Amino acid sequence: MTARLVVLISGNGSNLQAILDACASGDISAQVVAVFSNQPEAFGLERARRAGVPAILFLKRAEQTRRGYDAELAEQVAAYSPDWLVLAGWMRLLTAPFLDRFPNRVVNLHPALPGSFPGTHAIERAYDAFKSGEIRHTGVMVHLVPDEGVDSGPVLAEAVVDIRADDDLAALEARIHAVEHYLLVAAPTAAKN
Ligand code: GRF
């Protein structure tokens with residue numbers, strides 16, 4: 001059975017691209033049936049279009065509450081009958097009106113190890129912690145999003161990423177993204193077990 005994936009993005013979409021490529025090559029038995037973004041300039045929307053995947057820009061209206069937006073987003077996403085919702089650089093916290101529509105089916109990618117650096121700028125914060133001698137490595141995780149906790153759900157996959165003494169932030173970001181592209185593709189298989 002080919003798993004139906006809906007991917008939510010807010011930016012470049014390099015992780016979306018890793019998923020699209022893995023689907024196209026048969027590395028994973030899945031298909032991206034839609035891509036949603038909350039950001040008009042997200043290059044990930046262009047990546048979807050190039051792959052022939054519906055690319056939906058879903059903006060929050062000024063008068064809309066966060067929960068109202070999430071409920072409406074859930075409605076739009078549900079129309080694609082997803083088996084999995086993949087948050088690949090989706091930079092908005094999702095609330096219960098969205099999450100409760102897809103129990104145990106929302107997966108998030110976060111560029112840090114479980115319990116470390118939840119929230120935004122995780123790579124930068126890890127880099128600063130390394131520079132101040134607090135940590136020797138960082139990592140990446142893929143986890144379920146059962147509730148409104150920030151980067152805190154049950155972990156499906158994780159990988160340690162070394163930080164090197166001569167790294168600048170860009171070098172660490174590149175190393176982390178390379179691991180993300182691998183881990184996110186491997187995680188659905190792990191998730192099925
Ligand atoms: C990734 O580092 C992801 O873990 C984080 O946002 C970044 C998105 O990168 N949540 P991209 O848009 O997939 O290139």
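Quick caveat: nothing in here was measured; it's all calculated off a predicted structure. Whatever order the structure lists them in is the order used to number ligands and atoms, beginning at 1.
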* Sequence neighbours left out, what pairs pass salt bridge (charged side-chain N to carboxylate O under 4.0 Å, His left out) with at least one residue falling in residues 143-164? => Arg67-Glu148

* Do ligand 1 and Glu180 have nitrogen or oxygen atoms that lie under 3.5 Å from each other? -> yes

* To do: Taking only heavy atoms of His177 into account, list the atoms of ligand 1 that are under 4.0 Å away from them.
  => 1 (C), 2 (O)

* Any Pro111 heavy atom less than 4.0 Å to ligand 1 -> yes

Please table the atom pairs, donor to acceptor, closer than 3.5 Å between any side-chain atom in residues 88-97 and protein atoms at least two apart or in another chain.
unit_1, atom_1, unit_2, atom_2, d
Trp90, NE1, Arg92, O, 3.2
Thr95, OG1, Asp70, OD2, 2.6

* Structure fact -> In short, Pro118 meets Val150 closest at the heavy-atom pair CB-O, 3.7 Å

* **Protein heavy-atom partner closest to atom 8 (C) of ligand 1 - residue, atom, separation in Å** => Gly89 CA, 3.5 Å

* Structure fact -> Under 4.0 Å from one or more heavy atoms of Leu109, ligand 1 contributes atoms 4 (O), 10 (N)

* Among protein heavy atoms, which sits nearest to atom 14 (O) of ligand 1, and what does the distance come to when rounded to 0.1 Å? -> Ser14 OG, 2.6 Å

* **Enclosure of Phe58 CZ (heavy-atom neighbours >12, cutoff 6.0 Å)** => yes

* Asked: Identify the closest protein heavy atom to atom 12 (O) of ligand 1: which residue and atom is it, and at what distance?
  -> Gly13 N, 2.8 Å

* Structure fact -> Restricting to heavy atoms, the pick from Ile176, Asn15, Asn12 nearest atom 9 (O) of ligand 1 would be Asn15

* Rounded to the nearest 0.5 Å, what's the gap from CD1 on Ile123 to CZ on Arg175? Could you check? => 11.5 Å

* Please round to the nearest 0.5 Å and tell me the distance separating atom CZ of Phe117 and atom CG of Asp128. => 8.5 Å

